[in-house]
Amino acid sequence: MVALLVLLPPHSGWSQGQRELTEIGKLLHANKFTAVMKSCRQLEQKFRNKLDEPKFTMFCGLAYLRQYKISSDPTHGTGAVRYLKRSVTTMYSPSVMILLGKASILTATKRATFEQGLYNMWEGVEKLRAKEGFSLTPSATVVVNLVSYVDMIAKAALKYPKQKAYLRVLGVRLQNAWARLEKIDPQKYTNLKMRDTVKAARLYLADGAKAGDFDNGNVLAGIHWLRGRWYQRLYWAKPTEKANLRSARYHLRMALAKTRSPIDTASLHYDLARLESSCESKNKVVVLRCLQQALAHIESARSQKNQPQNRIRKQNKLYNEILSALVFIHQNQKGADDQRAAVNYAEKAYQIKLTGQGQDRLYYAAAFAAEKLGNKKAAIKFANKAYELTFAKYGLNLKKDGVSKSQIAKDAKLLRNLSWLATRFGEYERARFYQRVCVRFKENGCLYKVNPSSR
C-alpha cells in the first residue's frame, strides 16, 4: 500500500472538480480574469448543487467584478452580481456579501439597487465584526471594507444629488461607519502596516462623520469635501500621481461652489491653499501658478468673518509659508520683473505684520531683490526687519544658549551680507552696527573696511 501511494501523482486524491477549482484560483491570483470567466461559463453546470459551488461562484463573481472595473462592460457587472448572489445563497459568507454589495452598487441604475448594495455591505461588515467578537483591534478586512462602505455612500450621494431626504439618510450612515472605528486605537496593533492602515481609515471615516453636518447639513457639499480631502492625502503620499491632485482640486472646488457658511467656506479655501502650495513640478511656471492660486485661496480664507482664533493662526502660518515661497522663487530669478514680484510679496507680509518661522529669510531675500532694483527704501526696510527677526532669539545680550553652531554661522553670514547691503546704499553707520553685532559672535569675516570708497 505504501509503495502504491508513493507512485501516485500529487493531489491524486482530489476530485476533478477540486483540481479545476484550484486552477481557477491560480488564474484569478494572476489577474487573468478573462480566462477565469471562460472557465466559469464552461464549468457552471458542473459545479451546480455541488459542495464546491459557493467557492466556485465566489471566484467567478470576483473575476467578473474586477473585469467590470477595467472594462465597464454591463454584462461583466451583471455577471458579477449573479455569481456572487449564488455564492451567498448556497453558503452565507460575510466577505462575499460585502462583494455582492459592491457589485450591486457599481452596476446600479436604480436607487433601490444602490440601497440593497449598501445594506449588503453593512450587513457583511457587521457580521464580520460579530465573528471577531467586536474586537478592539478589528481585522484588515473589517477596516478596509468600512472604507469601501464610505466610498459607496459617497458614490450614492453624488449619483442622487437632488434627493435631500436621501442625502440626510446617507449622512447618518456615515456617522454609523465612524462609530465602528472611533474608539479603535491604532497603537494597539503590533503590525506597523496595519497600524498605518487604521490611522488612514480613521482620518477618512472621521471626515465622513463630519460630512453630514458640513455647511449646516449640506450633505452634498460635505461629500465633495470628504472626497477632496481623501484625494489630497493620496497626492501628498505620492506627489507623482497627478490624477489625485486633479481629483482633489475637482472635489474641493465643487464643495466650495455649493457651500454658503463663512466658516466652512474658509475651511475649503484653506484646504485648497494647502493643496496648491504642495503642488510639485520641475517647471517653474507650473509651480508659480500653483502658488498664486494658493495665495488667492488663503487670502479668501482670511477674509471670512467670525472665525475662531485657532483657525486664524493656522491661516496666518500658511499665508506666511506661501508668501515666503513666492519671494524665494522670484528672488532667485534674474529678471527685473521677478525681483519686483519678490519685493511686492514681501511687502504683503510686512503690511499685515505676519509672524512665523522663516520670516527673517523672507525679508533677507526681499532686501536683496530690492537691492538689485536699486530700491534703497525697500532694501533698508527689509534688511532691518530681517535683522530684528533673526536676532530676536538671542536677546539683548546675544546669548547663544540652545542655538547650534551652524545656525550661528548662518546668522553671522546674514549680518555680513546686510552690512554689505547697507554700505551699497551709503548707510555706513548701519553697516558698522551690523559689523559690531557680528564681531560679538566671534565669527570670521565680520570686519572689513566700511567707508564711502567701498561703494
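Keep in mind that the numbers below use all heavy atoms, side chains included, and drop hydrogens, waters and symmetry copies. Computed from a prediction, not measured in an experiment: that's the story for all the values here.
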- Query: Checking side chain to side chain contact (heavy atoms under 4.5 Å, CB included) for the pair Glu321/Ser277: CA distance, chi angles, key distance, verdict?
  - Reply: CA-CA 9 Å; Glu321 291 169 359; Ser277 64; over 6 Å; no
Under 3.5 Å, side-chain donor or acceptor atoms of residues 197-204 against the rest of the protein: list the pairs with distances, not counting sequence neighbours.
| residue | atom | partner | partner atom | Å |
| --- | --- | --- | --- | --- |
| Thr197 | OG1 | Lys193 | O | 3.0 |
| Arg202 | NH1 | Leu181 | O | 2.7 |
| Arg202 | NH1 | Glu182 | O | 2.9 |
| Arg202 | NH1 | Ile184 | O | 3.2 |
| Tyr204 | OH | Asp151 | OD1 | 2.6 |
| Tyr204 | OH | Arg227 | NH1 | 2.5 |

- Query: CG/Leu326 to NZ/Lys348 distance, rounded to the nearest 0.5 angstrom?
  - Reply: 10.0 Å
- Task: Identify the heavy atoms of Glu123 and Met97 that sit nearest to each other, and give their distance.
- Result: OE2-CE, 3.6 Å
- Query: Which residues pass the side-chain hydrogen bond (donor to acceptor under 3.5 Å, both in side chains) test with Glu44, sequence neighbours left out?
  - Reply: Arg82, Tyr83, Arg86
- Message: With a sphere of 6.0 Å drawn around OH of Tyr92, does it hold more than 12 non-hydrogen atoms of other residues, nucleotides or ligands?
- Response: yes
- Message: Does Arg361 form a salt bridge (Lys or Arg N to Asp or Glu O under 4.0 Å) with Asp411? I'd like the steps, not just the answer.
- Response: CA-CA 10 Å; Arg361 264 51 190 176; Asp411 292 340; 3.4 Å; yes
- Rounded distance (nearest 0.5 Å) linking atom CG of Leu226 with atom CG of Leu174: 7.0 Å
- Task: Using a cut-off of 6.0 Å, state whether more than 12 heavy atoms not belonging to Lys410 lie near its atom NZ.
- Result: no
- Query: Between Asn344 (side chain) and Arg340 (backbone), is there a donor-acceptor pair under 3.5 Å?
  - Reply: yes
- Item | With His251 via ring pair (Phe, Tyr, Trp, His ring centres under 6.0 Å) - residues at least two apart | His224, Tyr231
- Lys372 NZ: over 12 foreign heavy atoms closer than 6.0 Å: yes
- Message: Does Lys46, at its NZ atom, have more than 12 non-hydrogen atoms belonging to other residues, nucleotides or ligands within less than 6.0 Å?
- Response: yes
- Spell out, as yes or no, whether a donor-acceptor pair under 3.5 Å connects the side chain of Asn145 to the backbone of Ser148. no
- Task: Inspect the surroundings of NZ in Lys38 and state if more than 12 heavy atoms from other residues, nucleotides or ligands are less than 6.0 Å away.
- Result: no
- Is there side-chain contact between Gln116 and Ser104, with at least one heavy-atom pair below 4.5 Å? no
- Go through Met152 and Leu118 one step at a time and tell me if the side chain to side chain contact (heavy atoms under 4.5 Å, CB included) criterion holds. CA-CA 7 Å; Met152 296 305 164; Leu118 288 172; 3.9 Å; yes
- Message: Is there a side-chain contact between Arg180 and Tyr149 in this structure, where contact means two heavy atoms from C-beta onward sitting under 4.5 Å apart?
- Response: no
- Item | Listed partners of Glu371 passing side-chain contact (heavy atoms from CB on, under 4.5 Å), at least two apart | Trp420, Leu421, Arg424, Phe425
- Query: Side-chain contact, heavy-atom cut-off 4.5 Å: Val125 with Met121?
  - Reply: no
- Task: Taking the side chain as every heavy atom from C-beta outward, state whether Tyr270 and His297 have any atom pair closer than 4.5 Å.
- Result: no
- Minimum heavy-atom separation for Leu373 to Val343, with atom names? CD1-CG2, 4.1 Å
- Under the side-chain contact (heavy atoms from CB on, under 4.5 Å) rule, collect the residues that match up with Gln309, sequence neighbours excluded. Ile312, Arg313
- The reported gap from CD in Gln333 to CG in Leu288 (rounded to nearest 0.5 angstrom) is 7.5 Å
- Query: When rounded to the nearest 0.5 angstrom, what distance separates CZ in Phe33 from SG in Cys60?
  - Reply: 13.0 Å
- Item | Straight-line distance of Ser139 OG to Leu128 CG, nearest 0.5 Å | 6.5 Å
- Message: I'd like to know if Lys50 and Glu53 make a salt bridge, using a cut-off of under 4.0 Å between side-chain N and carboxylate O.
- Response: no
- Message: For residues 312-334, which residue pairs pass the ring-ring contact (aromatic ring centres under 6.0 Å, His included) check, not counting sequence neighbours?
- Response: His330-Tyr345
- Task: Evaluate whether atom NZ of Lys188 has more than 12 neighbouring non-hydrogen atoms of other residues, nucleotides or ligands under 6.0 angstrom away.
- Result: no
- Mind running side chain to side chain contact (heavy atoms under 4.5 Å, CB included) on Arg274 and Leu318 for me, showing each step along the way? CA-CA 8 Å; Arg274 289 179 73 203; Leu318 182 58; 3.5 Å; yes
- Short side-chain to backbone donor-acceptor contact, Gln307 and Ala301, under 3.5 Å: yes
- Do any pairs count as a disulfide (SG to SG under 2.5 Å) and have a residue in residues 181-289, sequence neighbours left out, and if so which ones? Cys279-Cys290
- Message: Please check: side-chain N/O of Ser300 versus main-chain N/O of Ala296, any donor-acceptor pairing under 3.5 Å?
- Response: yes
- Task: With sequence neighbours excluded, tell me which residues meet ring pair (Phe, Tyr, Trp, His ring centres under 6.0 Å) with Phe368.
- Result: Tyr364
- Query: So, the side chain of Asn120 versus the backbone of Leu100: is there a donor-acceptor pair under 3.5 Å, distance only?
  - Reply: no
- Item | From CA spacing to verdict: side-chain hydrogen bond (donor to acceptor under 3.5 Å, both in side chains), Ser324, Gln359 | CA-CA 7 Å; Ser324 296; Gln359 272 209 310; over 6 Å; no
- Interatomic spacing from CG in Leu205 to CH2 in Trp178 - rounded to 0.5 Å: 7.0 Å
- Message: Assess the residue pair Glu347 and Phe382 against the criterion (side chain to side chain contact (heavy atoms under 4.5 Å, CB included)); give the C-alpha distance rounded to whole Å, side-chain angles, the decisive distance to 0.1 Å, and a yes or no.
- Response: CA-CA 9 Å; Glu347 189 64 39; Phe382 292 140; 3.6 Å; yes
- Query: Between the main-chain N or O of Tyr189 and the side-chain N or O of Arg195, is there a donor-acceptor pair closer than 3.5 Å?
  - Reply: yes
- Sorted by chain and number, sequence neighbours left out, side-chain contact (heavy atoms from CB on, under 4.5 Å) with Ala35 holds for Leu27, Lys32
- Task: Could you pull out all residues at least two apart from Arg168 that satisfy side-chain hydrogen bond (donor to acceptor under 3.5 Å, both in side chains)?
- Result: none
Could you list the donor-acceptor pairs under 3.5 angstrom formed between side-chain atoms of residues 153-166 and any protein atom two or more places apart in sequence or on another chain?
| residue | atom | partner | partner atom | Å |
| --- | --- | --- | --- | --- |
| Tyr160 | OH | Arg111 | N | 3.0 |
| Gln163 | OE1 | Arg111 | NH1 | 2.4 |
| Tyr166 | OH | Glu115 | OE2 | 2.8 |

- Message: By the salt bridge (Lys or Arg N to Asp or Glu O under 4.0 Å) test, which pairs, at least two apart or in different chains, include something from residues 253-271?
- Response: Arg229-Asp271, Arg253-Glu276
- Is it the case that more than 12 heavy atoms not belonging to Asn310 sit under 6.0 Å from its CG atom? yes
- Task: Compare all side-chain heavy atoms of Phe214 with those of Val219 and state whether any distance is below 4.5 angstrom.
- Result: no
- When you check the gap from the basic side-chain N to the acidic O, do Arg302 and Glu299 get nearer than 4.0 Å? no
- Message: Could you tell me if Ser281 and Asn283 have a donor-acceptor pair between their side chains, going purely by distance under 3.5 Å?
- Response: no
- May I ask you to check whether Ser135 and Thr137 show a side-chain donor-acceptor distance below 3.5 Å? yes
